[in-house]
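Report on the structure given below.
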Amino acid sequence: MLIPKRRYPKIDPSEITPEELYVNRRLFMKGSLTAAAALSTIQAQALVSPEGGSRIPSRPEWLERAVVNASETSFGAGEKPAPYASATQYNNFYEFGMSKSDPFENSGKFTTDPWNVTIEGECEVKGSFALEDLLKGIDLEERIYRLRCVEAWSMVIPWVGFPLAELIKRFKPLSSAKYVEFVTVERPKEMPGQRSVFSTIDWPYREGLRMDEAMNPLTLMAVGMYGNVLPNQNGAPMRLVVPWKYGFKSIKSIVKIRFRETMPPTTWNDLAPQEYGFYANVNPEVDHPRWSQASERRLPNSIFSPNRIPTEMFNGYGEQVAHLYKGMDLRKWY
Amino acid sequence: MVLTLTGRRWLIGIACALPLIYIVQAIVRVQTGEWNLLGPEPGKAITHFTGTWGFNFLLLTLAVTPIVRLTKQKWVMPHRRMLGLYAAFYVSLHALAYLAFLLGWQWGELGREVVERPYLLVGALSWLLLLPLVITSTKAWQRRLKRRWKQLHQLIYVIVALAAVHYLLQIRASWFEPVAYTLIAAFLLALRLWFFAKKKRARTS
């Protein structure tokens, strides 16, 4: 386990975390080399998230090194990331169960090494690639993004990753590649949600983007968060992050990327087409049929204050992405 | 039964208060530092908890008559009132938790939400229908209303059906719990139909 060298100046968990816990965490996040060196791995793991027992998982050395050496960016300057425990214990990852705490509780046996990703479809470079080969030569960066769930809650997450466009270029997509499809791993032995007879989802989970959306510089492929590798429950070892779309578009634990000429089928759209569109852009003016999207609860909140804030068009990333949808009726293409 | 009626009343009364005691101590702990105890959305967790227990007590209340009839355990009957009152209590806490923790007392928002979100309307109606039953739950009202008291309190059939719809309308992908609650409610209501049919037959023959 490696110690990240950065700290999170925007995290101010003192508001919600007891003093002694947050001082520990800050010490760790700060990662001043002397302090870090003084800590054994076990101590360090215990310190990274004293609240609620979230642990940073162990991953191959090359990946830990790459993540820890990610460069800082100005994305999300001024945003306040959610505490690590919130971001890692409140997840929608139905492969591990349907309640928000299930992914944290049930993903312990999920193995992410070795990991291969298959590249298929309308592109010149195809095949199955080991994650390490896939990421070779790609520099990682940290970006703090707002994540808006379709269920009207949101969190701010410091991701570590790289623009998806960089990866896509390596496979030399053909001009016929109009869409990119992503598929999550299907491994019922390790994923109780995929075994469950109560699930209505047709596994594996699928998502997709239009080519120009996939190539947009905001679209991130993440391999880490909070200066460390991704925990299993957050979509290890590699997941998509599309910050201007509802969270379900940001598919986790990707094993397949397929370039397509036609719009790919996507899981939630297949399940309830009136409720979840292919585009799923964050849009306060188009309500979900059963709840309003005009505002969101920024988490973590507290018992006596729901922390409701107005939802912004494209989750506040309109400047970077609004042009993609020029002339489209976003009520129709929700 | 070994215990006296009063003894049982105390025992059942305390048992029914356990969910309340649990959630109150959880709230105190969250407010005094264990901020993550109920997750990053504690208000929602409390709302779901009280709603679930409201439904549990509705079903328990509804189960009393069939239990007495089918198992001849007559001692259960005098405890139905308390179970019903606890149901109304937890449902009221649920409504209160929604208003305070999820809506943050934004009444303007409430008007919009209730009209636009059918499950809220159904839930609100279910709660409102419980109120006259709470008011008329006393012996005095029972005497005053005579036969109409029973008719009035059959409103519980409507209330539990509305509660099931309220739950079903919120299904996203995990349909198991809402469907399980609905099936239990449907079973308990079907037993009533069977009782009525039997009674009718007995009367006509």
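We name chains A, B, ... by the order of the sequence lines, and we start the count at 1 in each one. Fair warning: this is a prediction, and the values are worked out from it, not measured in the lab.
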> Should we count CH2 of B:W127 as having more than 12 external heavy atoms under 6.0 Å?
Replying inline: no
> Checking side chain to side chain contact (heavy atoms under 4.5 Å, CB included) for the pair B:W35/A:S86: CA distance, chi angles, key distance, verdict?
Replying inline: CA-CA 10 Å; B:W35 66 272; A:S86 299; 3.3 Å; yes
> Does A:W291 use its side chain to pair, donor to acceptor, with the backbone of B:R117 at less than 3.5 Å?
Replying inline: no
>> Quick check: do B:L102 and A:P306 have side-chain heavy atoms less than 4.5 Å from each other?
In response: no
> Between A:F304 and B:F101, what is the ring plane arrangement, given parallel below 30°, perpendicular above 60°, and tilted in between?
Replying inline: perpendicular
> Out of curiosity, A:Y90 OH to B:E41 CD, how far, rounded to the nearest 0.5 Å?
Replying inline: 3.5 Å
> Are more than 12 heavy atoms from other residues, nucleotides or ligands located less than 6.0 Å from atom CH2 of A:W153?
Replying inline: yes
>> Within a 6.0 Å radius of atom CZ on B:F195, are there more than 12 heavy atoms belonging to other residues, nucleotides or ligands?
In response: yes
>> For A:D270, I'd like to know if atom CG has over 12 heavy atoms of other residues, nucleotides or ligands within 6.0 Å.
In response: yes
>> How close do A:R290 and B:I171 get, counting heavy atoms only, and between which atoms?
In response: NH1-O, 2.7 Å
> For the residue pair B:F176 and A:F198, what are the closest heavy atoms and their distance?
Replying inline: CD1-CE2, 3.3 Å
>> Under 4.5 Å from any heavy atom of chain B, what part of A:S295 do you find: side chain, backbone, both or neither?
In response: side chain
>> Counting heavy-atom pairs under 4.5 Å with chain B, which one of A:L271, A:D287, A:V197, A:I201 comes out on top?
In response: A:D287
> For A:R297 and B:K44, what are the C-alpha separation, side-chain angles and deciding distance, and is it a side chain to side chain contact (heavy atoms under 4.5 Å, CB included)?
Replying inline: CA-CA 11 Å; A:R297 304 181 305 278; B:K44 198 167 194 180; 3.1 Å; yes
> Between A:R308 and B:Q106, is any pair of side-chain heavy atoms under 4.5 Å apart?
Replying inline: yes
>> Between B:I27 and chain A, with a heavy-atom cut-off of 4.5 Å, which part of the residue counts as in contact: side chain, backbone, both or neither?
In response: both
> Is the closest side-chain heavy-atom distance between B:N36 and A:P300 below 4.5 Å?
Replying inline: no
> What is the distance from atom CG of B:L38 to atom CD1 of A:I303, rounded to the nearest 0.5 Å?
Replying inline: 6.0 Å
